[in-house]
Each structure stands twice: as structure tokens, then as C-alpha cells.
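In each ligand, atom 1 is the first atom listed, and ligand 1 is the first ligand listed.
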Amino acid sequence: MRPKLAELTNRARELFDDLDLKAVRAWKEAAPGRKAVGHMPIYVPRELIHAAGMLPVGIGGGGDRLEIIRGDAFFQSYICHIPRSTIELALSHRLDALDGMLFPSICDVIRNLSGMWTMLFPDRYVRYVDVPQNYERAVGGTYWRRELDILREELGRLAGHPVSDADLSRSIGVYNENRAAIRELYEARSRHPWFYPTSEVFLFLRAGNLLPPEEHTAMLRQYLKLAPLEADRCEQDQSRVVLVGMFCEQPPLGLLLTLERAGCWVVDDDLLLGLRWITCDTPTEGDPLQNLVEAYLNHSAVTASRYLPDGDHGRGLVESVRQNRAEGVIFCAPSFCDPTLLEQPMLVRALEREGIPHTQFKYSEDTGQFAVIREQAGTFSDSIRLWSEA
Ligand code: SF4
């Protein structure tokens with residue numbers, strides 16, 4: 001790897017391994033009075049935190065780099081892994097740099113986690129962000145506007161000054177840039193997946209959890225430019241697949257490497273979906289809070305944790321397969337993830353109607369053995385290439 005790309009990738013890897021939030025501490029120490037607010041995966045309006053002059057910090061669990069000592073005592077055995085590792089991170093003081101925490105309404109597990117947080121850390125700001133499941137302006141829109149008004153006021157109080165419209169419009173512009181860079185990266189990977197392996201793209205997306213958005217955008221743009229210059233990155237006879245199911249608890253990096261080694265180029269996925277929840281630019285003119293409301297109502301990503309009318313499940317996935325010229329779909333879901341696993345049969349039906357091949361397996365963020373997944377993904381990849389040649 002050329003030195004510049006190696007340096008950039010090392011930085012992304014360093015951030016990926018930064019469970020102690022050293023980068024957040026460094027950001028806070030760089031100027032007096034700075035504060036940081038954490039949030040669990042999927043959508044929270046990070047623009048509001050940023051406009052208050054605070055750092056939004058995505059918390060993605062402990063992955064396979066954290067031993068769970070106390071976290072297990074808080075949960076029954078038949079739920080996913082991310083809430084245990086998040087509690088473990090907090091109880092071991094790794095999240096002490098956070099002055100507040102937002103819990104978006106993904107599922108019951110996250111709802112319970114927000115309640116535990118309130119009891120465990122009564123002196124810190126905590127809010128359960130109950131995003132609307134009704135997308136009509138008069139109903140969900142009115143409700144969401146009210147919630148955002150309250151959130152804006154509370155974040156202003158935490159920051160020590162009110163959040164002005166001008167600051168909020170500026171922050172909307174900053175996040176438009178960030179999402180545009182992520183979209184560009186996804187489009188580039190879909191065209192040339194051998195330039196942008198998903199195991200690397202994942203590291204660069206994860207950097208967005210800890211870096212200020214302006215820095216993250218610059219990092220992504222540099223990566224977009226540097227990756228294709230690597231001489232050994234050339235087209236190979238691998239199958240093109242869409243990965244789905246990973247919008248909340250993230251898979252271990254080793255799993256993504258395993259899929260690549262098993263002969264799969266990932267051309268679309270729902271990794272770190274919260275970073276790109278809003279699918280196009282939000283206007284920076286006019287009432288900024290209402291602009292956030294409209295963006296949420298009209299341009300939210302399609303995923304298992306949001307309401308979709310009957311018959312719409314699977315449409316987005318089929319479109320993604322077509323747009324990205326994918327040959328198959330791999331359902332890759334965290335064990336015991338209710339939203340993902342309840343939606344999966346509907347997605348499978350939609351794929352089968354269209355004759356799109358698929359396979360499925362489950363993981364936990366701390367899964368360490370990939371031999372079975374490698375065999376399954378390798379067989380799937382071989383079989384879809386055989387079918388497409390037949
Ligand atoms: S992995 Fe699934 S069940 Fe677990 S917290 Fe996330 S959305 Fe909820």
C-alpha cells in the first residue's frame with residue numbers, strides 16, 4: 001500500500017479501535033468548555049448537536065475487542081450483544097467523555113437501555129429520541145417538530161447557549177457534505193468494488209462515529225482519490241452481492257474480510273445506516289427545524305426499524321440489487337435482532353418473486369470463528385456465478 005493510503009487507513013483503524021474515546025477527549029481538550037453527546041445507531045438529528053457546538057459521537061458497541069464482565073448481568077441471554085457491550089463500555093468508564101446520550105427508538109432493547117442509563121448515570125443528560133413511525137406531515141410531522149423543538153432547547157441548555165437558526169442551517173450544510181461524500185463512496189464502490197473493499201470502507205465509515213463531520217468528509221474524499229491508485233487493486237472474478245441486516249449492531253471486521261476472501265464483492269449494504277439515514281440534501285434556506293422534519297418524513301432510509309406500508313417491504317432491496325447490478329443478496333443479521341429477523345421473511349419473499357438468489361446467516365459483534373461463514377459465502381458466490389453463466 002502506498003504511504004499516503006497506508007497512513008489514512010491506519011488512522012481509520014486507530015479510530016475503529018478507540019473504545020476509550022481518546023479522539024473525543026482530545027477534541028474536548030483542544031478548546032475550553034467543549035462537550036460531546038453520544039448516540040446509539042440509526043437516526044438522530046446530529047445537526048442539532050453540531051449546531052450547539054458539541055461533538056456528536058456514534059456508539060457502535062464493543063465489537064470483538066471488549067471482554068464483557070458486568071454487561072451480561074443487565075440482560076437476559078436471548079437478546080443481541082450491543083446493549084451488553086455498551087453497558088460494559090459505560091461501567092468501565094470508557095464513555096466518561098460523553099456529557100449526554102441519545103437513544104433513538106430502534107427497538108425495545110434500546111428503549112430499555114435508555115431507562116438503565118437514566119438510573120445508572122442520573123447526573124448525565126439522557127434522552128430517548130422517539131422518532132415518528134407515521135410519515136404524514138399533519139401527524140408524524142407535527143409530532144416530530146415538537147420533539148425537535150424540545151431537543152433543541154435541551155441541547156442548548158447542555159451546551160450553555162441557545163441553538164440559533166443560523167447555526168443550525170450551517171450544520172445542515174455540513175452534514176449534507178458528509179452524506180454526499182458517503183454517497184459518492186458507495187457509488188464508486190458499486191462501479192469498482194476492487195478499488196474500495198468493504199472491509200476498508202467499513203473502517204472509513206466507522207471513523208464518522210468519532211470525528212467531527214468536517215474532518216470525516218475530508219478523510220472520505222482523500223480515500224476516494226487514493227484507493228484507485230493502488231496498483232494491485234484490479235478486477236477479479238468475484239460475485240457482486242448486497243449485504244443486508246447490519247444497520248444496528250455492526251459485524252466484526254473479520255466477517256467482512258471473510259466475505260471478500262470467499263469471493264464476494266459487496267456492492268451495497270446497510271452498515272452504519274444512521275450516518276446516511278437522510279438520502280438527499282436537506283435545504284439550508286428557510287426554517288431549519290422544519291427542513292429537518294421534511295427530510296425525515298420524505299427522505300429517510302428504508303430499513304427494518306421504520307414503518308413501511310404492506311407490500312413495500314423488499315422493494316428497496318430489489319431496487320438496490322438492480323441498481324448495483326448485484327447477483328445475489330446475503331442476509332447478515334445480528335443474533336436475536338427482532339427488527340431485522342422479523343422483516344427477513346418479507347424480504348426473502350420479494351427476492352424470490354424476482355428470482356434473486358440469497359443466503360443468510362447470523363453473527364454477533366464478537367463472533368470470532370468464520371470458517372462456516374466462509375464455506376457458506378464461498379459456496380453461494382460460486383453457485384451464483386455458475387447460474388449467471390448458465
Ligand atoms: S441489534 Fe437489533 S435488537 Fe439489538 S439493539 Fe440493535 S436493533 Fe435492537
Side-chain angles (χ1 to χ4, degrees), residues 19 38-44 46 57-66 68 70-91 95 98 101-118 120 126-133 202 205-206 208-209 243-256 269-277 300-308 313 316-317 330-348 360-368 373:
L19 295 182
H39 61 85
M40 293 303 287
I42 83 150
Y43 179 72
V44 298
R46 290 183 298 156
V57 180
I59 300 301
D64 54 0
R65 290 146 293 145
L66 183 72
I68 308 296
R70 281 165 287 183
D72 275 341
F74 285 76
F75 295 96
Q76 63 274 41
S77 54
Y78 49 86
I79 61 161
C80 56
H81 204 267
I82 187 172
R84 309 161 199 278
S85 64
T86 305
I87 285 277
E88 186 70 39
L89 287 169
L91 291 178
L95 305 186
L98 302 179
M101 190 74 189
L102 304 181
F103 293 87
S105 51
I106 316 173
C107 63
D108 289 347
V109 173
I110 298 292
R111 182 188 289 269
N112 295 344
L113 185 60
S114 79
M116 285 179 198
W117 218 265
T118 312
L120 287 169
V126 181
R127 184 163 179 84
Y128 182 66
V129 183
D130 207 351
V131 296
Q133 291 292 348
F202 181 54
L205 288 177
R206 287 289 288 256
N209 273 349
L243 277 188
V244 66
M246 308 163 298
F247 64 90
C248 180
E249 180 174 315
Q250 300 296 293
L253 184 59
L255 192 153
L256 299 175
D269 61 58
D270 59 358
L271 291 160
L272 288 125
L273 196 59
L275 296 180
R276 50 206 169 89
W277 189 264
S300 279
V302 172
T303 189
S305 74
R306 65 163 279 194
Y307 169 76
L308 283 179
H313 288 272
L317 182 57
I330 299 183
F331 292 102
C332 190
S335 294
F336 300 111
C337 176
D338 279 357
T340 304
L341 295 170
L342 285 170
E343 193 196 34
Q344 211 174 81
M346 293 180 262
L347 300 185
V348 164
Q360 51 188 268
F361 49 78
K362 293 195 266 303
Y363 66 84
S364 163
E365 60 176 353
D366 65 344
T367 298
I373 289 176

May I ask you to list the atoms of ligand 1 that are less than 4.0 angstrom from any heavy atom of [X]?
X    : result
E249 : 1 (S)
I110 : 5 (S)
I106 : 7 (S)

Report, one line per pair, each donor and acceptor closer than 3.5 Å where one atom sits in a side chain of residues 104-112; sequence neighbours left out.
residue, atom, partner, partner atom, Å
S105, OG, V129, O, 3.4
S105, OG, D130, OD1, 3.4
S105, OG, V131, N, 3.0
R111, NH2, Y128, OH, 3.4
N112, ND2, D108, O, 3.4

Taking side chain as C-beta onward, heavy atoms only, is [X] less than 4.5 Å from [Y]?
X    : Y    : value
R306 : S300 : yes
F361 : L255 : yes
T340 : F331 : no
E249 : S364 : yes

Look at atom 6 (Fe) of ligand 1 and say which protein heavy atom is nearest, naming residue and atom and giving the distance to 0.1 Å.
-> C248 SG, 2.4 Å

Residue, atom and distance of the protein heavy atom nearest atom 8 (Fe) of ligand 1 read C107 SG, 2.2 Å

Do any heavy atoms of T340 fall under 4.0 Å from ligand 1?
-> no

Measuring to atom 2 (Fe) of ligand 1, does C337 have an N/O/S atom at a distance below 2.8 Å?
-> yes

Could you check H313 against E343 for side chain to side chain donor-acceptor pair (under 3.5 Å), going step by step and ending with a plain yes or no?
-> CA-CA 8 Å; H313 288 272; E343 193 196 34; 3.0 Å; yes

So, is C80 placed with an N/O/S atom under 2.8 Å from atom 4 (Fe) of ligand 1, counting both backbone and side chain?
-> yes

